[in-house]
Structure formats: structure tokens, C-alpha cells
Amino acid sequence: MRIPLRALLRKKTDIKAGEKDLPQHIAIVMDGNGRWAKKRGLPRTAGHHAGMEALKRIVGAAGEIGIKVLTVYAFSTENWRRPQPEVEFLMRLPNEYLKTELAELNKNNIKLRFMGEMEGLPVHTRQAVTQALAETAGNTGMILNFALNYGSRAELVSAVRQIARQASDGLLRAEEIDDAAIEKYLYTAGLPDPDLFIRPSGESRLSNFLLWQVAYTELWFSDVYWPDFDKTHLLEAIDAYQNRDRRYGGIKL
Ligand code: FPP
């Protein structure tokens, strides 16, 4: 069953979407914080703060709609190239988000997951993340997966290294390396591939995000800056997704 978009927009608080055509896993590049701030004559950090508020809205909306996994790109392995004060601000955001949202996440049965190079994060960020993982570990609802110090190439390099070690230890033969063997070593192991990839802010690229996992993902782009992104935009993306014809390289008979 498709979600009738207009009906959803009318009854925002009472969504009873059919599950068949709902994307199970949505991945979002939360882009445009800096330009949002610049347009308003504000510092870039104000844009990131507004981006955090947008994230709160979208987590709530995705949970209500019945999305199973929401993956958000919060900090890439390339974002370290930004000026030090901005990096430091971004590294404090998980602490701030979790301090204000952890109770709400638990109330809504949301389970946190993090993917990325945890060792590269400052100690305070790592501590906040570790604590939040433990405190939501028993939840069984939507998975909120934070990509933090994440890069898809780094993820693939790490997977290849682990597979090579298995092979050199005689635990894996070359013929046994298939899609499933690779996926076992990705940060997303155990999660379904994203069905829908959303990138706001007018950019139309993947930016080293989930390169393996998006092989058959439907891509949706919007000009809206992330801090302005709300439930209406999420529903628009889902509506577009529901009108796509996913053939996975096959044909419809
Ligand atoms: C990209 O926009 C955004 C980021 C690198 C940071 C994303 C962070 C948030 C949305 C805040 C929520 C995060 C957490 C961890 C709670 P940009 O700064 O590159 O924007 P621009 O392209 O307009 O400069």
C-alpha cells in the first residue's frame, strides 16, 4: 500500500502508513548547515545547531512513519579538514544531542548505533557515544545509526584488511569471498541496505557515504538546506520513492 501523501500532510499526527512500500532504511546526508547560516549572517556553528534541531524533528517523524533504520551522516573522515573551532564544535554536538535527547530516544524505544572510526574521536565524544549505546541497547524500535568520523572508502579498506587477515590465517578461501562475506565486515553488518538516500542543499553527490550499500538505493535530492528540512520534505521523499520502479537490474514481467 502506498502512503497517500496528501492525506499524510493533512493528518500529520496520525500516520497509519501501510508498510509494504515504505522504505525500511533511509540514509540522509545532513547538508547545507553552513550555507543556511551564511544566508542569515550567522556563524557556521549556528547552522550546525539548527541542523541538530532538524535532526530531532526528522528522528521523531521517521519513528512515527514506521521507518526501521535511519542513518545520518554527522561527520565524515574528510571533515577534519575544516577549521579547528568548527571541528571542535561538531565533536561536541553528539554530547549535546544525547544529553537533551536520550530520554526521548528511550521513550520512543529508539536504539542507537554508531558507525565510523571510533578511535579517531576525542575522548569526550567517545564517552558520550559509548554511554548512549549502552543506554539504548535494550530498545527494539527504530535504529538511529550515526555516521561519525565515517568514510565509505575507509570502511571498505578496513573490510578488505580483515578479509585478507582471515585468508592469510587460512580461515577463508578466495572462492568463499562473496557479497555476504564482505558485508559481514562493513560497519552496517546486520542492517538492510538503504532503500532511500536523501541529500538536501542542492548537491547531487554521494560524498563517500555508503558506497557499497547504495548499489540499488533510490536517490532523492532537494534544494532545501538541512536546518529547514522537516516532516513535509521527508514525506515528499517517501512519496517520490513510492513512485519509483525498483527492478534491481531485472525486468518487470
Ligand atoms: C554538512 O553541512 C553538515 C555537517 C558536516 C555536520 C552535520 C551535523 C548536524 C546536522 C548536527 C547534528 C549532528 C549530531 C552529531 C547531533 P555543511 O556544514 O557542509 O554545510 P555547507 O555545505 O552549507 O557548508
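Read the numbers this way: they start at 1 and go in the same order the structure lists the ligands and their atoms. Scope of the values below: all heavy atoms of this structure, side chains included, with no hydrogens, waters or symmetry mates.
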Checklist entry - Between K99 and E96, is the closest basic N to carboxylate O distance under 4.0 Å? => result no

Item to check | Partner residues of Y185 under the side chain to side chain contact (heavy atoms under 4.5 Å, CB included) criterion, sequence neighbours left out | outcome: A159, Q162, I163, Q166

Next on the checklist: List the protein residues in contact with ligand 1, where contact means a heavy-atom separation under 4.0 angstrom.
Outcome noted: M30, D31, G32, N33, G34, R35, R44, H48, G51, M52, L55, A74, N79, R82, L90, L93, P94, Y97, F146, W226

Checklist entry - Without hydrogens or angle criteria, can the side chains of W212 and D193 be said to hold a donor-acceptor pair below 3.5 Å? => result no

Item to check | Plane angle bin for Y216 and Y248 - parallel if under 30°, tilted between 30 and 60°, otherwise perpendicular | outcome: tilted

Checklist entry - Under the side chain to side chain contact (heavy atoms under 4.5 Å, CB included) test, which residues partner A147, sequence neighbours left out? => result Y73, M115, Y150, F209

Item to check | side chain to side chain donor-acceptor pair (under 3.5 Å) pairs, two or more places apart, involving residues 108-120 | outcome: E104-N108, N109-T140, E117-Y187

